[in-house]
Amino acid sequence: MLQTLINAFKNKDIRKKILITLFLLLVYRIGCWIPVPGINPSVLQGAAGGSNTMLNLLSALTGGALANGALFAIGISPYINASIIIQLLTVAIPKLEQWSKQGDEGRKKINRVTRVVTLLLAIAQATGIVVSWANSNGLNNAVFGGNTPIWVVGMFVVAILVAGSMLTMWIGERITEIGVGNGISLLIFVGILSSAGLAIVALFTEMFGGDTMAVWTLLGFIVMVGVIFAFIVFVDLAERRIPIQYAKQIKGRKQYGGQNTFIPIKISGAGVLPIIFANALITFPQLVMSMFMEPQPGNFMGWWQTWLGVGTPIYSVVTGLLIMAFSFFYAQIQFNPEEVSRNIQQYGGFIPGIRPGRPTYDYLKKVSRRITFWGALFLAFLAIVPSIIFSQVLPNSPLLGAFTATGMLIVVSVALEFEKQLQSQLMMKQYKGFLK
């Protein structure tokens, strides 16, 4: 990774893209600390202070912006939810399915629809959060003169949060377009690292204050993080290689084909997207309900928070099932056995021991399902089990809410994908130099 970065900075064009990416990420982090007028940050930090609350989960993904009552408090989550909705509707609505097959032009149309849905979801999510803040006295009308009705303050805060969410979406798209890597993933990556950094600083403060338990907490956390990182990298780089042989063909005086190659199928081909989408989907109903009611023992939201709130056993089970469902959904999008088998047969290839045509399709489909199952099981395990172990081994630690196993998977996956994109761009520059 370090050598790849060094080689990338030696190239002028790639260095420019990296600097643009860093600048846009810096703008995003500054927006995570700019307070919105009319918000009382001290109340919000208390509301998002627990390790098993929905607000703490959302705050960790935004690098503490939600707890700070900052401009980018709701971050990129409306865009993620909108992407989920549009991708699911692409299968159900013929017009969207038609656009998805039209290349770049169709992708632009789908992106425009996604932006509109993002705006609507941002308004809904910002309204729900502001209502929740108002119920917990998190809104402050003193900055408006003290006599301003609280609903006016709430509308102002909603407008600012929606504008911040749309600006965050724009930053992510610009990183993807003119920078390096996937902009949305990098924004989540930076947010998680920022939350973890603040938690580690707080732990060091306790250590220098004379708390000997903080030393053992940090050492235990480092050991567990090292083991989980190694496990994530091992599985993320693992792949099943299906051998392909091409028959020799003689055309004129030249011989074509005859080479051996393979089809690589990654175990975690969907990456971290199933976890991000599953967490966004399961927390969205609670955000919508917070617009209309407070969590009380006698109402539906109180029941939801008791049984399906973050950290509850049912929440973990539902999250695991959603992760597996999204893993299979993305596997069908990324790898089409019918199309692959058709291309193999068209170019005179075959899998050793498997006849071309329908048998090849059945074989590829079976292999893809098996690999997807184990990849989905790995993601579900990583999203649930290490967090339970952390809560037992490191109770009441600030590191729990800041750096979960899900967060570590996101960090590792994004870092590996960033390195791959750097290597591919370096290879393209070398080919261009060779042609010149």
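Every value quoted in this text rests on a predicted model; they were computed, and no experiment measured them.
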Checking [X] side chain against [Y] main chain: does a donor-acceptor pair fall under 3.5 Å?
X	Y	result
S424	Q421	yes
S341	P337	yes
S165	I74	no

| request: Quick one: do W170 and M166 satisfy side chain to side chain contact (heavy atoms under 4.5 Å, CB included)? Show the steps, please. | output: CA-CA 6 Å; W170 181 85; M166 300 306 291; over 6 Å; no
Distance in Å, [X] [atom1] paired with [Y] [atom2], rounded so as to fall on 0.5 Å steps:
X	Y	atom1	atom2	result
I267	I371	CD1	CD1	6.5 Å
D13	L426	CG	CG	11.0 Å
L364	I344	CG	CD1	5.5 Å
T21	I171	OG1	CD1	12.0 Å
W33	S194	CH2	OG	8.5 Å
K365	N336	NZ	CG	10.0 Å

Can you name the closest pair of heavy atoms from [X] and [Y] and give their distance?
X	Y	result
A126	V162	CB-CG2, 3.9 Å
R369	F328	O-CE2, 4.0 Å
I14	N11	N-OD1, 3.2 Å
A82	T114	CB-O, 3.7 Å
T372	A331	OG1-CB, 3.4 Å
T90	I86	OG1-O, 2.7 Å

| request: Fit a plane to each ring of F381 and F231, take the angle between them on a 0 to 90° scale, and name the class: parallel (under 30°), tilted (30 to 60°) or perpendicular (over 60°). | output: perpendicular
| task | Report the relative orientation of the aromatic rings in F326 and F329; use parallel for angles under 30°, tilted for 30 to 60°, perpendicular for over 60°. | result | perpendicular
| Taking it one step at a time, do I263 and F335 satisfy side chain to side chain contact (heavy atoms under 4.5 Å, CB included)? | CA-CA 11 Å; I263 301 175; F335 185 79; 4.2 Å; yes
Could you check whether any side-chain heavy atom of [X] comes within less than 4.5 Å of a side-chain heavy atom of [Y], counting everything from C-beta outward?
X	Y	answer
V157	I129	no
L186	L24	no
F350	Q245	yes
I244	N260	no
V113	W99	yes

| Going by an N to O cut-off under 4.0 Å, is there a salt bridge joining R342 and E339? | no
| request: Test Q345 against T360 for side chain to side chain donor-acceptor pair (under 3.5 Å), laying out the working first. | output: CA-CA 9 Å; Q345 186 177 13; T360 300; over 6 Å; no
| field | Residues R115, N111; criterion side chain to side chain contact (heavy atoms under 4.5 Å, CB included); working and verdict | value | CA-CA 6 Å; R115 293 189 188 102; N111 288 339; 4.2 Å; yes
| field | I76/Y28 under side chain to side chain contact (heavy atoms under 4.5 Å, CB included): CA gap, chis, key distance, verdict | value | CA-CA 11 Å; I76 203 67; Y28 169 71; over 6 Å; no
| message | Quick check on R15: does its CZ atom have over 12 non-hydrogen neighbours (other residues, nucleotides or ligands) under 6.0 Å away? | response | yes
| Does NZ in K95 sit with more than 12 non-hydrogen atoms of other residues, nucleotides or ligands closer than 6.0 Å? | no
| message | Set out, in order, the CA-CA distance, both residues' side-chain angles and the distance that settles salt bridge (charged side-chain N to carboxylate O under 4.0 Å, His left out) for R358 and D362, then state yes or no. | response | CA-CA 6 Å; R358 184 72 185 185; D362 293 336; 3.4 Å; yes
